[in-house]
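Single-structure report; data block below.
Naming: A, B, ... by sequence-line order, numbering from 1 per chain. The model shown is predicted, which means the values in this text are computed figures rather than measured ones.
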Amino acid sequence: MQTTGWLFDVYPLQDRMVLWFITAAGERLRVEDGFPYRVYLGGEPGRVRSLAREAGRRGWVKRHYPHRGRNLWSGEEIPVVALELASYAHLSRLRGWFGGLKDELAVFNADLDISAYYLYSRRLHPCAWYDLEAREGRLAAITLLEDPFAVEFALPPLTVMTLGLTRDPLIPLGSGNSVAVGWEDRTLELEAPDIPALIGELAHWLRRLDPDLVLSDWGDEGIIPPVWQWSQQHRAPLPLDREPQPVPRQFHGGRTYFSYGRIVYQGPAAPFYGRWHVDRRNSFYYKESGLMGLAQIARIGQMPLQQAARASPGTLITSMQLARATTDGILIPWRKGAPERFKTAAELLIIDKGGLTFMPPIGLFFDVAELDFASMYPTIMTIHNISPETVNCPCCAGDGAGAVVGEGAKSVACDQWPVISVYYQPKTANRKPQTQNPWPSPHITPEANYRLCRRREGLVPRTLRPILKLREDLKARAKEVGPEEGSEYKDRQNALKWMLVTCFGYLGYKNARFGRIEAHEAVTAYGRDKLLTAKEICEDAGFQVLHGLTDCLWIKKEGMTGGELESLCREISRATGVKLALEGVYKWLAFLPSRLDPRRPVATRYFGAFNDGKLKVRGLACRRRDTPPLVRLAQEALLEKMAQASTAQELAAMRPELEDLAESFRLRLREGQVRPQDLLITRVLSQPAADYKVDTATALAARQLERAGIHLQPGEKVRYVHREPKRGPKELRVQAAPFLETLEDYDLELYLELLERAVEEVMMMVLE
DNA sequence: TGCCAGTAAAG
DNA sequence: CTGCCTACTGGCA
């Protein structure tokens, strides 16, 4: 049978892959494809062959044969033996066996996700159209019909069913919570106490609607696990999957991990087989960029959509690097064992120089332009060829570039590095001459003088290049079609942004598959260099540089014009190789002082209004998730009002009105005209409730929940209201959500204080 | 009052 | 897919 189909779902089953397509005619088509998982083994040839034979005798390996693959680090082709697994279940046994051997074995491609490995090997992309031929349910031929990096693509029509809880997700299903099922514009509440009836109803609607997509709130943790467990207990069939064969379904518990310096909790996953289950409360990418964003990253990340929905940006970018490597014939080293040791203080010093900061002057400024480098770090990696294997590569070692490289350079540099935060005094006279040659040679990195490969383009640049291109195209397209139709393109480019940001972060992680500290260091060094170059060009053009932060500059000049700014951007883009764009011109912009030392500015707290009336607010109370909604609303209301003013006079004239606004919020608090939800403070639990040494409100709230039988993992959120403080024991100082029905009072003083700080934060910039 | 545990932001 | 730095608050000795 020949047909055109859109690749919808992919998953492994015993020794083969199952693929679901939505055909052009709207049919849901299931086909199987035999795919042997291949592990590659390198080392002493005789020993490798005998190990392969032994694995065959044990029944784990179906066949083995000599093969050649490329070593990531040297770029050279090396002989290996390919082992084809008899069943996917043998993969962990094989790994366990290899792990126990004492040999100097090089094991490759042993820890890849099976679906992703299949997609890489077959060069298939989910959510794309194919010409395919199937015989007796087996895939016979398949041809990709579109460019996975295309700006335009669409989803076929999907049948959608929604699932949700009727009450707070912390209340378990069956202990006061119920399920809400929705389709088209209808919703139905299914009462939980009568369990067989609930399962029956749910099964009925799944069968009747046969949804392609089940879009849930809290489905992964709150709905599917108990519902599935009940269906097993009561032997009541529940067709979560389209897959006719029995599938393994276990709800492995959630994970807590660190990412970008903060603790994150990822709940357990409950994927379906042959249809999509996306829990929008358990999906970073859905929250960030919706279903089109998910489809976008599944396509280019070559990862089944349900996996992509639950993946972090790091997983996605790693998947793209693995896909690139597989396609290029690069062998992927097996990362066995536990994470490595923590970084030493010296290593931290090396990595964490980070972005350059020019400190802003405190106060209110008018007619300020903001210039931002677009995707600065990923662009640097791409144009300078920075990748783990290109830094001080062996292949260019003899080229006599004349630079100090490698181990030596690292130890020299430490004390010589400049202070990263420069207390910058804006100046218009006595400018330094422009840097002539910002780096000694295009192949030698600034500061540390590492040598970059000039023979091979690195894996990271090869991976990033098409993503950067697509993101630029999507941005341009969004601008072209306007805000209405542009939102879909914006969502998609936003999804890509997170992959790009994380790619840089991953270079600095020892434990990342493609990380290397020197590469990370090289990127930030180029970044500092480029920001400095930009500053100097601005000053040469007569601009005053007020503030700079990693990849942004805030500048001003009397009587500056749009054209002048555009040509300034062009010049800097040309000089640095990274596109610098005008973010906008502010009518007014405020840089805030430190709260601890009011004479000192802080780099990351500022707010202002652009010429078009749009606000940009960073670091203020309303941007923090631990600010109660009432306080956030108050600050936002003040800012919205202020955004209407253009001049110092207009702003000053607004003062009485702003005072009234603030007073109205104070009054609401004093008179108790607030809903408990508006007083909720949300915080992330950094450790198990019992481990807290200090009785912070967070710890008290978490313990209160524990007593009610609700156990939160580190990385999960706690929400609570501060109660009247003088009412006896500590346990009563806060009241945790969801138990707010019984809330009798709140700590008026504390909330007034929080409100006052938020008001003061913005009002201090409005002159009397 | 000072120290330090705990938490969050912008890039 | 696994420990940025800096600013700030508040409990506790």
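Partners of A/S686 by side-chain hydrogen bond (donor to acceptor under 3.5 Å, both in side chains), not counting sequence neighbours, listed by chain and number: A/Y692. Partners of A/F373 under the ring pair (Phe, Tyr, Trp, His ring centres under 6.0 Å) rule, at least two apart in sequence or in another chain, do not exist in this structure. Every residue two or more places apart in sequence or in another chain that forms a ring pair (Phe, Tyr, Trp, His ring centres under 6.0 Å) with A/Y606 is listed here: A/W554. Applying the side-chain hydrogen bond (donor to acceptor under 3.5 Å, both in side chains) criterion to A/T550, with sequence neighbours excluded, gives no partner residue.
By the 4.0 Å N-to-carboxylate-O rule, A/D695 lies too far from A/R733 to be salt-bridged with it.
Partner A/Y37 forms a ring-ring contact (aromatic ring centres under 6.0 Å, His included) with one of A/Y120, A/Y88, A/Y117 and no other, that one being A/Y117.
Checked against B/dG11, C/dC1, B/dG6, the side chain of A/S686 finds its nearest nucleotide in B/dG6. Comparing C/dC1, B/dG6, B/dG11 by their closest approach to the side chain of A/T315 singles out C/dC1.
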For this session: Going 5' to 3' through nucleotides 8-13 of chain C, assign each nucleotide B (protein heavy atom under 4.0 Å from a base atom), S (under 4.0 Å only from sugar-phosphate atoms) or - (no protein heavy atom that close).
Result: SSSSS-
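When heavy atoms are screened at a 4.0 angstrom cut-off, A/F373 is found touching no nucleic acid atom at all. In this structure, A/Y377 reaches neither bases nor backbone, as no heavy-atom distance under 4.0 Å exists between it and the strands shown. Among the heavy atoms of the strands lying under 4.0 Å from A/G619 are primed sugar atoms or P, OP1, OP2 only; no base atom is included.
The environment of A/K579 atom NZ is sparse: at most 12 non-hydrogen atoms of other residues, nucleotides or ligands sit within 6.0 angstrom. More than 12 heavy atoms of other shown residues, nucleotides or ligands fall within 6.0 angstrom of atom NZ in A/K287.
Rounded to a whole Å, the CZ atom of A/F358 is 16 Å from the P atom of B/dG11. The separation between A/F591 atom CZ and B/dG11 atom C1' is 15 Å, rounded to whole Å. Rounded to whole Å, atom P of B/dA8 lies 6 Å from atom CZ of A/R683. In this structure, CD of A/Q687 is placed 5 Å from P of B/dG6, rounded to the nearest angstrom. In this structure, CD1 of A/I681 is placed 14 Å from C1' of B/dG6, rounded to the nearest angstrom. Summarising the geometry, the separation between CD on A/E716 and C1' on B/dT7 is reported as 17 Å, rounded to the nearest angstrom. In this entry the distance linking CD of A/E521 with P of C/dC4 reads 15 Å, nearest Å. Rounded to whole Å, atom P of B/dA5 lies 18 Å from atom CG of A/L685.
If you take atom C1' in C/dG3 and the same atom in B/dG6, they sit 15 Å apart, rounded to whole Å.
Applying the 4.0 Å criterion to OP1 and OP2 of B/dA10, one finds that A/R623 has a side-chain N or O inside that range. Close to B/dT7, at under 4.0 Å from its OP1 or OP2, lies a side-chain N or O of A/T698.
Taking a pair as Watson-Crick or G-U wobble with both distances under 3.5 Å, DNA chain C forms stems of 3 or more consecutive pairs at B:1-8 with C:6-13.
Judged by a 6.0 Å distance limit and a 45° cone about the ring axis, A/K535 is positioned over the six-membered ring of A/F358.
Inter-residue side-chain proximity for A/N282 and A/E221 is flagged as unmet; no heavy-atom pair is nearer than 4.5 Å.
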